[in-house]
Amino acid sequence: MQARDPRYQKLIEPARMALAQKHRALSEGGGGFTPIPHAIYREIMPELTAKYDGATARDALTIYMYLQAHAHGKETNDFYMWAYPTVEQIRRDTGIHGDRIRPLVSILEAEGLVMTEKVAWMGNVKKLYLPLFYPKRYDSYLGDGTDS
């Protein structure tokens, strides 16, 4: 890798490092990383900002990323790909006020970025969250995500 303009040569080595990190993170066994599609920030965030407001868009996408990071990653588990943090955990870890979490999740559901389901859980009801990688409205563009 060589810079076309010598003034930018100093950018090449850090870029190599970032590329190596990206490959390591996305490879099998790379450490539990979830790719966030560029459309989330390039298209959806501006749409949410226009539709709601900047703070709401920011906080909704913070919860979205949080749920992506907390999705269960073992295929052998019935809750594979679902996240199940409590509202208190989300509040504590993100700093978002507890009263805002339900409305923010509702926005994510309405925008097709998250699905929720309530299930029986040790004698109680537990809310599960399925963070999607693209809004449902993108399905016709992307296909159904299967290999068939």
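All residue numbers in this chain count up from 1 along the given sequence.
- For the atom pair T116 OG1 and L108 CG, the distance stands at 10.5 Å (nearest 0.5 Å).
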Handout entry: Verdict with supporting geometry, I63 and V105, side-chain contact (heavy atoms from CB on, under 4.5 Å)
Key = CA-CA 8 Å; I63 290 174; V105 169; 4.1 Å; yes
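- Taken to the nearest 0.5 Å, the NE2 atom of H38 stands 12.5 Å off from the CD1 atom of I44.
- For the residue pair T49 and A57, the shortest heavy atom distance occurs at OG1-CB, 3.4 Å.
- Side-chain contact between I96 and I90 is absent, with no heavy-atom pair separated by less than 4.5 Å.
- Two residues are said to be in side-chain contact when any heavy atoms from C-beta on lie closer than 4.5 Å; V114 and L130 fail this criterion.
- For the pair K126/T86, a side-chain contact is recorded, criterion being any heavy-atom separation below 4.5 Å from C-beta on.
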Problem - Derivation of the side-chain contact (heavy atoms from CB on, under 4.5 Å) call for I36 and Y41 - result: CA-CA 9 Å; I36 303 293; Y41 299 106; 3.5 Å; yes
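- Taking all atoms of both residues into account, the shortest heavy-atom contact from P85 to Q89 is CA-OE1, 3.0 Å.
- Contact between I101 and V87 at its shortest, heavy atoms only, is CD1-O, 3.6 Å.
- Note that the NZ atom of K127 and the CZ atom of R102 stand 6.0 Å from one another [nearest 0.5 Å].
- By the 4.5 Å heavy-atom criterion applied to side chains, E117 and W82 are counted as neighbours.
- Applying the side chain to side chain contact (heavy atoms under 4.5 Å, CB included) criterion to F133, with sequence neighbours excluded, gives T34, P35, P37, Q68, M81.
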Problem - Worked verdict on M17 versus E13 for side-chain contact (heavy atoms from CB on, under 4.5 Å) - result: CA-CA 6 Å; M17 179 184 68; E13 194 54 40; 5.6 Å; no
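- Judged by distance alone, the side chains of D59 and T62 never bring a donor and an acceptor atom under 3.5 Å apart.
- Placement of V125 and M122 in two distinct hydrophobic clusters is found when ILVMFWY residues are connected by side-chain heavy-atom separations under 4.5 Å, directly or transitively.
- A side chain to side chain contact (heavy atoms under 4.5 Å, CB included) with L48 is found for exactly one of D53, I40, L61, namely L61.
- For the atom pair OH (Y129) and CD (E109), the distance works out to 9.0 Å, reported to the nearest 0.5 Å.
- Remark: L128 CG to F79 CZ distance equals 5.5 Å, nearest 0.5 Å.
- Between Y84 and H72, the ring planes lie parallel to each other; the angle is under 30°, not in the 30° to 60° tilted range.
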Practice task
Kindly determine whether E111 and K51 satisfy salt bridge (charged side-chain N to carboxylate O under 4.0 Å, His left out), including the steps that lead there.
Solution key: CA-CA 11 Å; E111 297 297 328; K51 194 170 185 179; 2.8 Å; yes
